[in-house]
Amino acid sequence: MTAESVREQILLCVESIPPGRVMTYGDVAEYIGSRAPRQVGRVLSEGHNVPWHRVVHFDGSCTAALSVEQRQRLISEGVRFLGERVDLKTHRWDGQPG
DNA sequence: ATGTTGACACCGG
DNA sequence: TCCGGTGCCAACA
């Protein structure tokens with residue numbers, strides 16, 4: 001498991017998130033077997049062609065610097081917001097197709 | 001090798 | 001619910 005493959009796994013995982021669903025950084029990290037949620041954010045910050053907006057914080061809050069953009073995109077996909085946070089109980093995706 | 005930083009997570013008050 | 005502190009891992013100077 002090289003660092004490069006980890007990046008691939010992260011991107012694959014994020015790409016696999018269906019519209020209208022979200023995952024937390026920790027979820028993605030755990031999904032690929034990493035214990036570094038920060039690395040997820042770091043990889044996404046590199047700027048890839050992936051739905052990064054479907055990755056939110058543990059409490060459902062959006063990424064600070066991109067809160068506006070992220071919220072817009074999510075709402076555009078039908079994600080419901082409770083104030084400034086995503087309704088994780090409804091939209092959180094475990095990575096399982098069902 | 002060491003210290004600092006970061007699109008984070010978790011616990012306690 | 002909001003805020004502060006701590007733990008964790010990887011990249012960078």
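Letters A, B, ... mirror the listed sequences (proteins, then strands); counts begin at 1. The structure displayed is predicted, hence computed values, not measured ones.
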Check: Counting side-chain heavy atoms from CB outward, which of dA11(C), dC10(B), dA7(B) is closest to Arg42(A)?
Finding: dA11(C)
Next item on the list: Pick base, sugar-phosphate or nothing for Ser34(A), based on heavy-atom distances below 4.0 Å to the nucleic acid.
Entry: nothing
Note to self: Tell me the interatomic distance from Asp59(A), atom CG, to dC3(C), atom P, rounded to whole angstroms.
What the structure shows: 12 Å
Next item on the list: May I have all residue pairs that pass side-chain hydrogen bond (donor to acceptor under 3.5 Å, both in side chains) and include part of residues 10-25 of chain A, sequence neighbours excluded?
Entry: Thr24(A)-Asp27(A), Tyr25(A)-Thr63(A)
Next item on the list: Measure from the side chain of Ser45(A), starting at C-beta and using heavy atoms only, and say which of dC10(B), dA7(B), dG6(B) lies closest.
Entry: dA7(B)
Check: Among dC10(B), dA7(B), dC9(C), which nucleotide sits nearest the side chain of Thr63(A)?
Finding: dA7(B)
Checklist line | Gap between atoms CE and P, on Met23(A) and dA9(B) respectively (whole Å) | finding: 12 Å
Next item on the list: Scan Tyr25(A) against the nucleic acid and name what it touches under 4.0 Å (heavy atoms): base, sugar-phosphate only, or nothing.
Entry: base
Check: With distance as the sole criterion, is a donor-acceptor pair present between the side chains of His53(A) and Gln72(A) under 3.5 Å?
Finding: no
Next item on the list: Report the distance from atom CD1 of Ile32(A) to atom C1' of dA10(C), rounded to the nearest whole Å.
Entry: 12 Å
Check: Near Glu30(A) CD, under 6.0 Å, is it more than 12 heavy atoms from other residues, nucleotides or ligands?
Finding: no
Check: Tell me: CD of Glu30(A) to P of dC8(B), nearest whole Å?
Finding: 18 Å
Next item on the list: Establish, with yes or no, whether the OP1 or OP2 oxygen of dT1(C) is under 4.0 angstrom from a side-chain nitrogen or oxygen of Arg85(A).
Entry: yes
Notebook entry, point to check: For Glu46(A) and dA11(C), what is the distance between atoms CD and C1' respectively, to the nearest whole Å?
Noted result: 10 Å
Margin query: Quick one, Arg71(A) with Leu66(A), criterion side chain to side chain contact (heavy atoms under 4.5 Å, CB included). Give me CA distance, side-chain angles, the key distance, then yes/no.
Written below: CA-CA 8 Å; Arg71(A) 198 158 55 197; Leu66(A) 298 144; over 6 Å; no
Next item on the list: Ignoring backbone atoms, test whether His57(A) places a side-chain nitrogen or oxygen under 4.0 Å from the OP1 or OP2 oxygen of dA7(B).
Entry: no
Item checked: Arg35(A) side chain near dC9(C) phosphate (N/O to OP1/OP2, under 4.0 Å) -> yes
Next item on the list: Would you mind reading off the distance between Leu44(A) atom CG and dC9(C) atom P, rounded to a whole angstrom?
Entry: 20 Å
Notebook entry, point to check: Has Arg38(A) got a side-chain N or O lying under 4.0 Å from the OP1 or OP2 atom of dC10(B)?
Noted result: no
Note to self: Side chains of His48(A) and Val43(A), heavy atoms from C-beta outward: is any pair under 4.5 Å?
What the structure shows: yes
Item checked: Value in whole Å for how far the P atom of dC12(C) lies from CD of Gln39(A) -> 11 Å
Checklist line | Closest listed nucleotide, where the reference is the side chain of Phe58(A) and the choices are dA7(B), dC9(C), dC10(B) | finding: dC10(B)
